[in-house]
Amino acid sequence: MTHILHLDASARPGLAGKDEHGSHSRNLSHRFVSQWQARRPHDVVTYRDIGQNPPSIISHDWIASSFTPEPQREPWMRDTLAESDRLVDELVAADVLVIGTPLYNFGMPAALKAWIDQVVRPGRTVEMDDSNPLDPYVPKLADRPRHVVILTARGGVGFDAGGEMAHMNHLEPNLITALGFIGLTRVHQIAIEGQEVGGELLAESVRQGLSKVDALVAELQRSVQAERVAQPA
């Protein structure tokens, strides 16, 4: 059984094409999950709408608690890290992480950055190897195959690699760096563009995006199944 962790980071609560001012990134992520479940209805999906219910921003107390070895933590430290522990547990359990996110001001929404800061945790998702001071970070989520699906909506055009605006896109590169740091390196990306332009340009981008989502679902289901068969008993 495959476990999917589905995150939506858009501030828009509805779906594009169905709700006024609906979200195109939510439309992509919900298409992915619905297509997955249509093919594999017994797989488990954990959903977090971080766009509407943002994780807490890390604080001084969070940092002090996180960098204190677990056996030495006081009760208030464990309380401080309780939300982070829940989010990390969900991520560790996942075989496929699906992130639906818009590009806001050339980067990720604040809610998604808050989630990243909650799950990049010393001792939970990354370890320190003191014997290797030049490269001391050991990703803990590289222990088994996990896939990341980043589904993005952009107002402008040309933000893909090689595009005229690619140098101003700090969303996917930031996510890929942060998630790779904790061991999530099997990344798949689909984006739609032209939301601010609208018209046929946006409509065609949406059509292509949804088609790519359907193809990616089929591809990943084959990959996950093959990886599971290949894993030692």
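Note that these values count all heavy atoms, side chains included, but never hydrogens, waters or copies made by symmetry.
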Strictly distance-based, threshold 3.5 Å: is any side-chain N or O of [X] a donor or acceptor partner for the main-chain N or O of [Y]?
X	Y	value
Arg73	Thr68	yes
Arg12	Glu20	no
Thr101	Ala9	no
Asn27	Ser23	no

Salt bridge (charged side-chain N to carboxylate O under 4.0 Å, His left out) assessment of Glu172 paired with Arg154: CA-CA 12 Å; Glu172 289 97 332; Arg154 308 164 183 155; 2.7 Å; yes
Do [X] and [Y] have side chains that approach each other closer than 4.5 Å (heavy atoms only, starting at C-beta)?
X	Y	value
Leu201	Val157	yes
Thr2	Arg228	yes
Glu227	His147	yes
Ile50	Leu112	yes
Asp85	Arg121	yes
Asp95	Arg146	no
Lys113	Asp117	yes
Val44	Met1	yes

Would you say the ring centers of His6 and Tyr47 fall short of 6.0 Å from each other?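 Yes, ring centres under 6.0 Å apart.
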Heavy atoms of other groups near [X] [atom1], more than 12 under 6.0 Å:
X	atom1	answer
Glu196	CD	no
Glu164	CD	no
Asp143	CG	yes

Of Val120, Leu141, Ile176, which is the lone residue that meets side-chain contact (heavy atoms from CB on, under 4.5 Å) with Phe181?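 The side-chain contact (heavy atoms from CB on, under 4.5 Å) with Phe181 is passed solely by Val120 among Val120, Leu141, Ile176.
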Share the residues that join Leu210 in a hydrophobic cluster, the rule being Ile, Leu, Val, Met, Phe, Trp or Tyr side chains under 4.5 Å apart at the heavy-atom level.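 Leu210 clusters with Ile4, Leu28, Phe32, Val33, Trp36, Val45, Val96, Val98, Val149, Leu151, Ile190, Ile192, Leu202, Val206, Val213, Leu216, Val217, Leu220, Val224.
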Taking only residues two or more places apart in sequence, or in another chain, which ones meet Asp130 in a side chain to side chain contact (heavy atoms under 4.5 Å, CB included)?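 Expected list: Met128.
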[X] and [Y]: side-chain donor and acceptor closer than 3.5 Å?
X	Y	answer
Gln225	Gln221	no
Ser29	Asp8	yes
Glu83	Ser56	yes

What about Ile116 and Tyr104, same hydrophobic cluster or not, with Ile/Leu/Val/Met/Phe/Trp/Tyr joined at side-chain heavy-atom distances under 4.5 Å?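 They do not share one cluster, since no chain of ILVMFWY contacts under 4.5 Å joins Ile116 to Tyr104.
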Leu87, Trp62: one ILVMFWY side-chain cluster at the under-4.5 Å cut-off?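 In one cluster with Leu87: Trp62, no.
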Quick check for you: to the nearest 0.5 Å, what is the distance between Thr80 atom OG1 and Asp61 atom CG?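 Result: 5.0 Å between the selected atoms.
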Can you tell me how far OG of Ser25 sits from CG of Leu103, rounded to the nearest 0.5 angstrom?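 Nearest 0.5 Å value for the CG-OG distance: 10.5 Å.
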What do the steps show when you test Trp115 against Leu91 for side chain to side chain contact (heavy atoms under 4.5 Å, CB included), and what is the final call? CA-CA 11 Å; Trp115 181 84; Leu91 180 58; 4.2 Å; yes
For the pair Leu97 and Val119, evaluate side chain to side chain contact (heavy atoms under 4.5 Å, CB included) and give the outcome as yes or no after the intermediate values. CA-CA 13 Å; Leu97 169 62; Val119 301; over 6 Å; no
